[in-house]
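Written below as C-alpha cells is the structure these notes are about.
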Amino acid sequence: QQQVKQSPQSLIVQKGGISIINCAYENTAFDYFPWYQQFPGKGPALLIAIRPDVSEKKEGRFTISFNKSAKQFSLHIMDSQPGDSATYFCAASYHGGSQGNLIFGKGTKLSVKP
Amino acid sequence: DAGVTQSPTHLIKTRGQQVTLRCSPKSGHDTVSWYQQALGQGPQFIFQYYEEEERQRGNFPDRFSGHQFPNYSSELNVNALLLGDSALYLCASSGGGQEPAWTGNKQYFGPGTRLTVT
C-alpha cells in the first residue's frame, strides 16, 4: 500500500521553464510534507517543507503548493536550470508525539535542457 | 560542521553473509533513522533510534537490526543476506531540539552505503 503517490515519473523541461511535480497522500494524520532532491550517487537533500495549515511556501525558486481538502501537494521550480537536473522525492510523515518516519514517493527524474 | 557521514561507501557481499553499516549523525542531532533505497525507488524506512533504543520500525524482517551508541552514532546490521537486499542504505539524523517543533522530522541524509549482494 503506497501512501504517497508521485507523478510524473520523469519530466523534461527547457531552461528557464517551470517544472511541476505532484504528490497525493492518503493518511490525513500526516502533518509534515518535505521535498528532497537527490543527485546520482548522493543522499537526498532537503529542499523545502510545508505543514498542512499553510497553502503555499516559497523559498527562492522553489514553491510548495498544498491542497489539504484534495490531499495533494506539488513542487514548482521556477526558472529551471540545468543544475536542477536530479531526482525529486516528495515525502510525508506524522509527528504522533515523537519524530516519525518519512514515507517517500517513488521519485521524479527531472532533466532541464539548455 | 560535518554533516551525516556513513561508512563504508561501497560493499560487496555474498548471499548468506552478514554486514554492518555505520553512521555518524550531524553535530547536535540525537536521532538516527535508517532507510533502504532500491534502484529507481524512493527510500523506505527501516527503523529509528533515539536514546540508544529502537523507537520505530518499518516493515522489515528481523534480519535487519541496529544499535545506537552513547555518542549517537549508529550501526545497521543485516544477517543472512539475500540478493534482494542489494540497495543504497541511507542514514538520516534529526532532533536535538535545534528545529521548530513541527519540523521534528527534518531529517538530514548521509551519502549512503551501496550494498551489492552476489
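Below, each value reflects all heavy atoms present in this structure, side chains not excepted, and no hydrogens, waters or symmetry copies. Every chain is numbered from 1 and lettered A, B, ... according to where its sequence line falls, protein lines coming before strand lines.
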Ignoring hydrogens, what is the shortest heavy-atom contact between [X] and [Y]? Give both atom names and the distance.
X: B:Tyr35; Y: A:Leu102; value: OH-N, 3.0 Å
X: B:Leu90; Y: A:Pro44; value: CD1-CD, 3.7 Å
X: A:Phe89; Y: B:Gln37; value: CZ-NE2, 3.3 Å

Point to revise | chain B contact via A:Gln38 - side chain, backbone, both or neither, heavy atoms under 4.5 Å | key: side chain

Check your understanding: Quick one: does B:Gln56's side chain have a donor or acceptor within less than 3.5 Å of a partner on A:Asn101's backbone?
Key -> yes

Taking atom [atom1] of [X] as the centre, does the number of heavy atoms from other residues, nucleotides or ligands within less than 6.0 Å exceed 12?
X: B:Leu39; atom1: CG; answer: no
X: A:Lys42; atom1: NZ; answer: no
X: B:Ile12; atom1: CD1; answer: no
X: B:Arg15; atom1: CZ; answer: no

Review point. About how many Å separate CZ of A:Phe104 and CD of B:Gln41, when rounded to the nearest 0.5 Å?
Key: 13.0 Å

Exercise for review: With rounding to the nearest 0.5 Å, note down the distance linking OH in B:Tyr108 to CG in A:Leu46.
Suggested key: 6.5 Å

Check your understanding: Highest number of heavy-atom pairs under 4.5 Å with chain A: which of B:Pro43, B:Pro111, B:Cys91, B:Gly112?
Key -> B:Pro43

Review point. Any link between B:Val4 and B:Trp34 through a network of hydrophobic side chains (Ile, Leu, Val, Met, Phe, Trp, Tyr) touching at under 4.5 Å?
Key: no

Review point. Would A:Val4 end up clustered with A:Ile64 when hydrophobic side chains under 4.5 Å apart are linked, directly or stepwise?
Key: yes

